[in-house]
Amino acid sequence: GARVTEGIEVVRALWRDSPATFKGRFTAFEGVSIDPKPVQRPAPPIWIGGRSDAALARAGRQGDGWVSYVVQPDRYRQSLDKIRAAAAGAGRSLDGFVAAHLTFITVGRDYESAERRWVERLSRRYAQDFGPLARKYGVIGTPAQCVEQLDRFASAGCGYFLMNPIGDPADERDQIEAIAADI
(Lines give C-alpha, C1' and ligand atoms only; values in the text may rest on other atoms or scores of the structure.)
Protein backbone atom coordinates (compact mmCIF):
# COMPACT_ATOMS: atom_id res chain seq x y z
CA GLY A 1 0.00 0.00 0.00
CA ALA A 2 2.76 2.46 0.86
CA ARG A 3 4.40 1.77 -2.50
CA VAL A 4 1.13 2.40 -4.34
CA THR A 5 0.56 5.65 -2.45
CA GLU A 6 4.06 6.86 -3.31
CA GLY A 7 3.78 5.54 -6.86
CA ILE A 8 0.77 7.77 -7.48
CA GLU A 9 2.81 10.77 -6.34
CA VAL A 10 5.69 9.69 -8.61
CA VAL A 11 3.49 9.35 -11.68
CA ARG A 12 1.81 12.69 -11.06
CA ALA A 13 5.18 14.41 -10.64
CA LEU A 14 6.40 12.91 -13.93
CA TRP A 15 3.22 13.95 -15.72
CA ARG A 16 3.38 17.49 -14.31
CA ASP A 17 7.04 18.52 -14.15
CA SER A 18 9.73 18.73 -16.80
CA PRO A 19 12.21 17.81 -15.53
CA ALA A 20 10.82 16.15 -12.41
CA THR A 21 12.54 15.51 -9.12
CA PHE A 22 11.21 13.19 -6.45
CA LYS A 23 12.55 11.88 -3.17
CA GLY A 24 10.42 9.37 -1.34
CA ARG A 25 10.73 6.27 0.77
CA PHE A 26 10.85 3.89 -2.21
CA THR A 27 11.63 6.10 -5.19
CA ALA A 28 14.14 8.87 -5.80
CA PHE A 29 15.15 10.66 -8.99
CA GLU A 30 16.33 14.05 -10.13
CA GLY A 31 15.97 15.78 -13.47
CA VAL A 32 13.85 13.05 -15.09
CA SER A 33 11.31 13.79 -17.80
CA ILE A 34 8.66 11.75 -19.50
CA ASP A 35 7.58 13.22 -22.80
CA PRO A 36 5.22 13.83 -24.38
CA LYS A 37 3.13 14.89 -21.40
CA PRO A 38 -0.46 13.68 -21.16
CA VAL A 39 -3.02 15.81 -22.96
CA GLN A 40 -5.49 15.57 -20.05
CA ARG A 41 -5.32 18.54 -17.72
CA PRO A 42 -4.21 18.60 -15.05
CA ALA A 43 -3.43 14.90 -15.65
CA PRO A 44 -5.10 11.61 -16.57
CA PRO A 45 -7.48 10.52 -13.83
CA ILE A 46 -6.27 7.84 -11.46
CA TRP A 47 -8.94 5.46 -10.23
CA ILE A 48 -8.07 3.52 -7.10
CA GLY A 49 -9.27 -0.07 -6.89
CA GLY A 50 -9.98 -2.00 -3.74
CA ARG A 51 -12.29 -2.56 -0.83
CA SER A 52 -9.99 -2.55 2.19
CA ASP A 53 -10.05 0.43 4.53
CA ALA A 54 -6.54 1.35 3.35
CA ALA A 55 -7.63 1.35 -0.30
CA LEU A 56 -10.68 3.46 0.51
CA ALA A 57 -8.58 5.97 2.44
CA ARG A 58 -6.12 6.13 -0.49
CA ALA A 59 -9.00 6.74 -2.90
CA GLY A 60 -10.19 9.64 -0.74
CA ARG A 61 -6.72 11.14 -0.27
CA GLN A 62 -5.35 10.67 -3.80
CA GLY A 63 -7.86 9.24 -6.22
CA ASP A 64 -9.87 10.78 -9.00
CA GLY A 65 -12.13 7.75 -8.83
CA TRP A 66 -12.67 4.41 -7.15
CA VAL A 67 -13.51 0.95 -8.48
CA SER A 68 -15.00 -1.63 -6.14
CA TYR A 69 -15.41 -5.34 -6.70
CA VAL A 70 -17.06 -8.23 -4.89
CA VAL A 71 -19.14 -6.05 -2.58
CA GLN A 72 -22.85 -5.62 -2.03
CA PRO A 73 -24.67 -2.29 -2.38
CA ASP A 74 -24.76 -1.60 1.37
CA ARG A 75 -21.01 -2.03 1.65
CA TYR A 76 -20.59 0.08 -1.47
CA ARG A 77 -22.47 2.94 0.20
CA GLN A 78 -20.44 2.57 3.40
CA SER A 79 -17.22 2.53 1.37
CA LEU A 80 -18.14 5.80 -0.34
CA ASP A 81 -18.74 7.31 3.11
CA LYS A 82 -15.20 6.24 4.13
CA ILE A 83 -13.79 7.74 0.93
CA ARG A 84 -15.59 11.03 1.61
CA ALA A 85 -14.26 11.08 5.18
CA ALA A 86 -10.68 10.47 3.99
CA ALA A 87 -11.01 13.22 1.38
CA ALA A 88 -12.34 15.65 3.99
CA GLY A 89 -9.49 14.73 6.33
CA ALA A 90 -7.00 15.48 3.55
CA GLY A 91 -8.73 18.76 2.69
CA ARG A 92 -9.72 17.47 -0.76
CA SER A 93 -12.87 18.10 -2.71
CA LEU A 94 -14.40 15.13 -4.47
CA ASP A 95 -15.84 17.25 -7.29
CA GLY A 96 -15.54 15.16 -10.41
CA PHE A 97 -14.72 12.01 -8.44
CA VAL A 98 -15.93 8.85 -10.21
CA ALA A 99 -17.48 5.97 -8.28
CA ALA A 100 -17.45 2.71 -10.27
CA HIS A 101 -18.04 -0.99 -9.73
CA LEU A 102 -16.47 -3.99 -11.48
CA THR A 103 -19.47 -6.15 -12.26
CA PHE A 104 -19.36 -9.88 -13.00
CA ILE A 105 -22.53 -10.13 -15.10
CA THR A 106 -24.31 -12.96 -16.90
CA VAL A 107 -27.48 -12.20 -18.85
CA GLY A 108 -29.73 -15.13 -19.67
CA ARG A 109 -33.27 -16.19 -20.50
CA ASP A 110 -33.82 -16.97 -16.79
CA TYR A 111 -31.95 -16.60 -13.51
CA GLU A 112 -31.16 -20.30 -13.01
CA SER A 113 -29.45 -20.91 -16.36
CA ALA A 114 -27.50 -17.62 -16.11
CA GLU A 115 -26.42 -18.50 -12.57
CA ARG A 116 -25.16 -21.93 -13.67
CA ARG A 117 -22.99 -20.33 -16.39
CA TRP A 118 -21.74 -17.63 -13.97
CA VAL A 119 -20.77 -20.17 -11.29
CA GLU A 120 -19.18 -22.61 -13.74
CA ARG A 121 -17.03 -20.00 -15.50
CA LEU A 122 -15.85 -18.12 -12.39
CA SER A 123 -15.22 -21.35 -10.45
CA ARG A 124 -12.98 -22.50 -13.28
CA ARG A 125 -11.28 -19.07 -13.63
CA TYR A 126 -10.41 -18.77 -9.94
CA ALA A 127 -10.14 -22.49 -9.06
CA GLN A 128 -12.66 -22.26 -6.24
CA ASP A 129 -16.40 -22.79 -5.83
CA PHE A 130 -18.25 -19.60 -6.73
CA GLY A 131 -21.65 -21.15 -6.04
CA PRO A 132 -22.04 -19.51 -2.62
CA LEU A 133 -21.01 -16.15 -4.08
CA ALA A 134 -23.46 -15.96 -6.99
CA ARG A 135 -26.51 -14.54 -5.21
CA LYS A 136 -24.35 -12.37 -3.00
CA TYR A 137 -22.06 -10.72 -5.60
CA GLY A 138 -23.22 -11.61 -9.09
CA VAL A 139 -25.35 -9.57 -11.44
CA ILE A 140 -27.23 -12.46 -12.95
CA GLY A 141 -30.47 -13.23 -14.74
CA THR A 142 -32.78 -11.74 -17.30
CA PRO A 143 -32.09 -8.18 -18.44
CA ALA A 144 -34.79 -6.92 -16.05
CA GLN A 145 -33.26 -8.84 -13.14
CA CYS A 146 -29.80 -7.49 -13.96
CA VAL A 147 -31.13 -3.92 -14.16
CA GLU A 148 -32.75 -4.36 -10.75
CA GLN A 149 -29.46 -5.53 -9.25
CA LEU A 150 -27.50 -2.69 -10.89
CA ASP A 151 -30.06 -0.14 -9.70
CA ARG A 152 -29.22 -1.06 -6.09
CA PHE A 153 -25.60 -0.04 -6.77
CA ALA A 154 -26.70 3.15 -8.52
CA SER A 155 -28.83 4.02 -5.48
CA ALA A 156 -25.75 3.43 -3.30
CA GLY A 157 -23.81 6.03 -5.32
CA CYS A 158 -22.29 4.07 -8.21
CA GLY A 159 -22.01 6.14 -11.38
CA TYR A 160 -20.15 3.71 -13.67
CA PHE A 161 -20.15 -0.03 -14.16
CA LEU A 162 -17.22 -1.94 -15.61
CA MET A 163 -19.11 -4.88 -17.07
CA ASN A 164 -17.26 -8.20 -17.16
CA PRO A 165 -19.52 -10.62 -19.05
CA ILE A 166 -19.18 -14.10 -17.56
CA GLY A 167 -19.93 -17.10 -19.74
CA ASP A 168 -18.56 -19.22 -22.52
CA PRO A 169 -16.17 -17.30 -24.78
CA ALA A 170 -18.32 -18.21 -27.78
CA ASP A 171 -21.25 -16.39 -26.13
CA GLU A 172 -19.32 -13.24 -25.15
CA ARG A 173 -20.49 -11.20 -28.15
CA ASP A 174 -24.12 -12.07 -27.39
CA GLN A 175 -23.59 -11.11 -23.74
CA ILE A 176 -22.10 -7.75 -24.71
CA GLU A 177 -24.94 -7.14 -27.20
CA ALA A 178 -27.54 -7.97 -24.53
CA ILE A 179 -25.86 -5.65 -22.02
CA ALA A 180 -25.72 -2.82 -24.58
CA ALA A 181 -29.25 -3.29 -25.91
CA ASP A 182 -31.23 -4.33 -22.86
CA ILE A 183 -29.35 -3.09 -19.82
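Both backbone and side-chain heavy atoms feed into the values below; hydrogens, waters and symmetry mates do not. It should be emphasised that the depicted structure is a prediction, and the values quoted were computed from it without experimental measurement.
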Any donor-acceptor N/O pair, Glu115 side chain to Ile140 backbone, under 3.5 Å: no
Could you check if a side-chain atom of Phe161 sits within less than 4.5 angstrom of a side-chain atom of Ile179, using non-hydrogen atoms only? no
Give a yes or no on whether a salt bridge exists between Arg124 and Glu120, defined as a side-chain N under 4.0 angstrom from a carboxylate O. yes
Under 3.5 Å donor-acceptor, Arg117 side chain and Val107 backbone: yes
Single-linkage hydrophobic cluster Leu162~Leu122, side-chain heavy atoms < 4.5 angstrom: yes
Less than 4.5 Å apart, any side-chain heavy atom of Leu80 and any of Trp66? yes
If you group Ile, Leu, Val, Met, Phe, Trp and Tyr by side-chain heavy-atom gaps below 4.5 Å, do Val67 and Leu150 land in one group? no
Closest non-hydrogen atoms of Ala90 and Arg61, given as atom of the first, atom of the second and distance, are CB-CG, 4.1 Å
Are Val98 and Trp47 side-chain neighbours, meaning at least one heavy-atom pair lies under 4.5 Å? yes
Do Phe97 and Val71 share a hydrophobic cluster, counting only Ile, Leu, Val, Met, Phe, Trp and Tyr and linking them when any side-chain heavy atoms are less than 4.5 Å apart? yes
Would you say that Ser68 contacts Leu102 through its side chain, given a criterion of any heavy-atom pair below 4.5 Å between the two side chains? no
For the residue pair Tyr76 and His101, does the interplanar ring angle fall in the parallel (under 30°), tilted (30 to 60°) or perpendicular (over 60°) class? perpendicular
Can you see which heavy atom on Pro143 is nearest to which on Gly108, and at what distance? CD-O, 4.1 Å
Please tell me whether Phe29 and Ile34 are part of a single hydrophobic cluster in this structure, the criterion being side-chain heavy atoms less than 4.5 Å apart. yes
When you measure from the side chain of Ser18 to the backbone of Ser33, do you find a donor-acceptor pair of N or O atoms at a distance under 3.5 Å? no
Spacing of CG belonging to Leu133 relative to OG belonging to Ser123, to within rounding of 0.5 Å: 8.0 Å
How long is the gap from CD on Glu30 to NZ on Lys23, to the nearest 0.5 Å? 10.5 Å
Within the 4.5 Å heavy-atom criterion, are Asp110 and Gln145 side-chain neighbours or not? no
Closest contact, heavy atoms only, Arg41 versus Pro38: NH1-O, 3.0 Å
Within the distance-only criterion (no hydrogens, no angle test), does the side chain of Lys37 pair as donor or acceptor with the backbone N or O of Asp17 below 3.5 angstrom? yes
Are the charged groups of Arg12 and Asp64 less than 4.0 angstrom apart, N to O? yes
Considering only heavy atoms from C-beta outward, does the side chain of Gln72 approach that of Arg152 to under 4.5 Å? no
Donor-acceptor pair, Arg25 side chain versus Glu6 backbone, under 3.5 Å? no
Among side-chain atoms of Thr106 and Gln175, is any donor-acceptor pair under 3.5 angstrom? no
Quick one: are Gln62 and Ile46 in side-chain contact, heavy atoms under 4.5 Å? no
Minimum heavy-atom distance Gly49-Ala55, with the two atoms named: O-CB, 3.8 Å
Would you find a donor on one side and an acceptor on the other, under 3.5 Å apart, between the side chain of Ser93 and the backbone of Asp95? yes
Side-chain donor/acceptor of Arg51 to backbone N/O of Val70, under 3.5 Å: yes
Which atom names give the shortest non-hydrogen contact between Met163 and Ile183, and what distance separates them? CE-CG2, 4.5 Å
Are Tyr111 and Phe130 joined in one hydrophobic group, where the rule is that I, L, V, M, F, W and Y side chains link up if heavy atoms are under 4.5 Å apart? yes
Using the rule given for side chain to side chain contact (heavy atoms under 4.5 Å, CB included), can you reason through Thr142 versus Arg109, listing the C-alpha separation, both sets of side-chain angles and the distance that settles it, and then say yes or no? CA-CA 5 Å; Thr142 65; Arg109 68 183 184 285; over 6 Å; no
Nearest 0.5 Å, please: how far is CG in Asn164 from CD1 in Ile105? 10.0 Å
Should we count CZ of Arg125 as having more than 12 external heavy atoms under 6.0 Å? yes
Roughly how far apart are Ile48 CD1 and Arg58 CZ, rounded to 0.5 Å? 6.5 Å
Do Leu14 and Phe22 have side chains that approach each other closer than 4.5 Å (heavy atoms only, starting at C-beta)? no
Of all heavy-atom pairs between Pro169 and Arg121, which one has the smallest distance, and what is that distance? CD-NH2, 2.6 Å
Once you measure the plane-to-plane angle for Tyr126 and Phe104, does it fall in the parallel (<30°), tilted (30-60°) or perpendicular (>60°) bin? tilted
Does Asp129 reach the main-chain N or O of Gly131 with its side chain, forming a donor-acceptor pair under 3.5 Å? yes
